[in-house]
Amino acid sequence: MKNKILITSALPYANGPIHLGHLAGCYLPGDIYYRYQKLRKRDAIHICGTDENGIPITIEAEKLGKSPQELVDNYHEKIRKSFEAFGIVHDNFSRTSTPLHHKNARDFFTRIYEKKYIVNKTIKQYFCPRCNRFLADRYIEGTCPYCDSKEARGDQCESCGRWLDPENLVSPGCKICGGTPVLKETKHWYFRLDVMQPQLEKWLLKKDNWKNNVKKFCKGWFKEGLEPRAITRDLTWGIPVPLKEAKGKVLYVWFDAPIGYISSTMEWAQRIGKPDRWKDYWLDSETRLIHFIGKDNIVFHAMVWPAMLMAHGDFVLPSEIPANEFLNIKGGKFSTSRRKAIWLQDTLELFDPDLMRYALAVNLPENKDTEFDWNDFQSKVNNELANILGNFINRTVSFIKSNYSSRVPLCKALSNEDNKMLHFLDETKKSMEEKIEKFELKKGIKTLMDLAKAANRYFDKEKPWETKRNAPEKCANTINTCIQVTDALASLMEPYLPFTSKKILKILNIEKNEWNRVGIPRIPGNKEIGKVEILFRKVENEIITLQKEKIGEEEKKMADRISIDEFKKVELKVAVVESAEKIENAQKLTKIIVDIGGEKRQIVAGIAENYSPEELVGKKIIVIANLAPAKIRGVDSNGMLLAATKDNKLTLLTIDKDIDSGAKVS
RNA sequence: GGCGGCGUAGCUCAGUUGGCUAGAGCAGCGGAAUCAUAAUCCGCGUGCCAGGGGUUCAAAUCCCUUCGCCGCCA
């Protein structure tokens, strides 16, 4: 076993808060693994930070009317805090907007550029003149050339599922502003993945202990043959490409993000006052570099990133990539951008972190996607944590309190049954070690629960409430054994349930044990225990019902909300009414001719019951100038006027101070 | 469209170098017990292992195919 372990968790993207899917995917597994390694006294560090570059950040910021910097500052802080409250321990939690990281990313690029692993190419790409930016394929929308659906994206048609090239779209439009994009030449820099393929393949071949999902995925890529991959973007937000001829270009977010692992480690070293300490990990080929990620990141961590590291040459390569599948929400996927999620910060307001840590840990998507369901959460907390684990500990300490004046009874000689119990405890510890080392974390927590179940069985079988009366020595042995098991449970659960672990130690009135001594009874007879405390309160039905209702509400709000750009599509102008007449045979309709800054328009409006033609002439009103023309009762209408209505009242929108007709309203 | 994955008990999930009557937890039913958070303990499962076909003495597990869901892709 190599000594040094560098653990990373995928850098969370700073365009939204953390949700349960993120936690189950990598942050909780990373934390469990790290806590375990620390308990084993291994030289391990856990490194993370927010990923703050890239196009989606700029778009999300625009939507909210904020600058990208404000957006990432906000989410960086939120994410950091909620991780802390959830008990995710990082040695360093950095961000990819630090000067140190910018420098590292530039240096990394320069190094592999000089080693000729980067080439440039000029391509044609859609550019939106109105937004003044190049559009990624998925931000282009148009009519599908195959099925005529109007909602095809530049990369794929949502309707028929065909993959498209943006150039093939009929009447392409910018998804952000609705403008018409034009094809424009642009130059980009490409990382020669094709050159790296042979050594990458050779390296991956040796990783036969890796998870299947990772290996199979890479195999597929190799089969198709790797191609140079663009690592620059036309964007102002991000890390500028360190080349004179690359003005206005930044590094692709996926290029700089993993370098963030290195930057964050450097930052940690500086923070602890040993600025060279990061080298002990990154520059030592004996270090085990372990990346906890979700399956969406496999291609970058198992192929692009190792290839980058190989090209660079100085750093250690990943030794393990325990990639989880996805945790889905009942009835669909989590989505940060669409705000369909169960947010960590919300659950922290309602529940002790360990409740969620447990519910997620026993249902980690290690082999396949799994589902989170609030009813399931409730039953896991109530039936498993509270009834099995919590109750065993409670019945043990309560027994000591009421029968032995809160002093642990002396154990004289262990019976066969007692020894069996302690032996099972030993087995549990070994088994947990094996499972965690193999990244089978779900099995690890289940093994722990098996110990609690065995302990309950033992308690029932030994009947201390009876032996107390007719065989007091036996009773003392039983309870003494139970308290040793309780103590061991506290230590063994620490990677999974750190908060509860602490609570139990407090009840036992004892310091944390050394992992390698766990299993050896250490609570002395006659020791006074602390105040008895309920470890897990039951989760009530009401609160679960509320949580279930909450899912989807936020999503709906987001869907109904429009962006400023959508509003900008509506062209509102001031118009003056030049003439008006009632339309015959139509009770409500009036035909008016308006002047919009010199342009005459005929508009049909349903205002005849509220305004007479005479009243209307000369009024300055607000009209929608870019509404598609329509025929109403056979009369052409080219625009629409604005009026407020409630019940049967109707009043026209007009202007507060005089302004020329044709003036824009916004 | 190409590549890959998944589909096991009412629910959440284990289970593939092919091999004992296919498992666990929860829910459900019956019982025991009363130290304990009405907690615990014992007993109870005829599931077309998505459908179909094939290889094999033997398939949830390997191969082919259909359907459904998901991920990745200049």
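Note on naming: letters A, B, ... go to the chains in the order of the sequence lines (proteins, then strands), and numbering restarts at 1 for each one.
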Counting only Watson-Crick pairs (N1-N3 plus N6-O4 or O6-N4) and G-U wobbles (N1-O2, O6-N3), all under 3.5 Å, who is the partner of [N]?
N       : value
rA39(B) : none
rU12(B) : rA24(B)
rA33(B) : none
rC6(B)  : rG68(B)
rU46(B) : none

In whole angstroms, how far is the [atom2] atom of [N] from the [atom1] atom of [X]?
X       : N       : atom1 : atom2 : result
F326(A) : rC6(B)  : CZ    : P     : 16 Å
W374(A) : rU12(B) : CH2   : P     : 17 Å
E371(A) : rC6(B)  : CD    : P     : 17 Å
K368(A) : rC70(B) : NZ    : C1'   : 13 Å
D373(A) : rC26(B) : CG    : P     : 17 Å
R457(A) : rC42(B) : CZ    : C1'   : 11 Å
L451(A) : rU40(B) : CG    : P     : 16 Å
R469(A) : rU34(B) : CZ    : P     : 8 Å

Could you check whether [X] gets within reach of a base, just the sugar-phosphate, or nothing at all, counting any heavy atom under 4.0 Å?
X       : result
E384(A) : sugar-phosphate
F392(A) : nothing
L535(A) : base
K463(A) : nothing
T370(A) : sugar-phosphate
K215(A) : nothing
N382(A) : nothing

Can you identify which nucleotide, out of [options], has its nearest atom closest to the [X] side chain?
X       : options                   : value
N391(A) : rA74(B), rA36(B), rU34(B) : rA36(B)
N394(A) : rA74(B), rU40(B), rU37(B) : rU37(B)
F399(A) : rC35(B), rC72(B), rU12(B) : rC35(B)
D376(A) : rU12(B), rA74(B), rU40(B) : rU12(B)

Under 3.5 Å, is there a donor-acceptor pair between the [X] and [Y] side chains?
X       : Y       : value
K442(A) : N367(A) : no
N363(A) : E371(A) : no
T447(A) : D450(A) : no
D354(A) : Y496(A) : no
N480(A) : Q484(A) : yes
E433(A) : Y36(A)  : no

Is there a side-chain contact between I342(A) and D346(A), using heavy atoms and a 4.5 Å cut-off? no
Toward the 5' end of RNA chain B, by each residue's nearest nucleotide, P365(A) or A452(A): P365(A)
I want to confirm an ordering. Mapping N456(A) and G390(A) to their closest nucleotides on RNA chain B, which one lands closer to the 5' end? G390(A)
What interatomic distance, in whole Å, is found between [atom1] of [M] and the corresponding atom of [N]?
N       : M       : atom1 : result
rU34(B) : rG15(B) : P     : 40 Å
rC49(B) : rC20(B) : P     : 16 Å
rG18(B) : rA32(B) : C1'   : 43 Å
rC57(B) : rG51(B) : C1'   : 26 Å
rC13(B) : rA27(B) : C1'   : 14 Å
rG23(B) : rA33(B) : C1'   : 29 Å
rG25(B) : rU65(B) : C1'   : 36 Å
rC6(B)  : rC44(B) : P     : 33 Å

Within less than 4.0 Å of OP1 or OP2 of [N], is there a side-chain N or O belonging to [X]?
X       : N       : result
N387(A) : rU40(B) : yes
N383(A) : rA27(B) : yes
K538(A) : rA39(B) : yes
N367(A) : rG15(B) : yes

Tell me whether the NZ or CZ atom of R357(A) lies within the 45° cone about the ring axis of F86(A) and under 6.0 Å from its centre. yes
Does R192(A) make a cation-pi contact with Y117(A), if we ask for NZ or CZ under 6.0 Å from the ring centre and within 45° of the axis? no
Within residues 441-450 of chain A, residues whose heavy atoms come under 4.0 Å of RNA chain B: K442(A), K446(A)
Is there ring stacking between W465(A) and rC35(B), where the centres must be under 5.5 angstrom apart and the planes under 30 degrees? yes
Parallel, tilted or perpendicular: ring planes of H19(A) versus F334(A), cut at 30 and 60 degrees: parallel
Sequence neighbours left out, what passes side-chain contact (heavy atoms from CB on, under 4.5 Å) with T545(A)? Give chain and number order. E549(A)
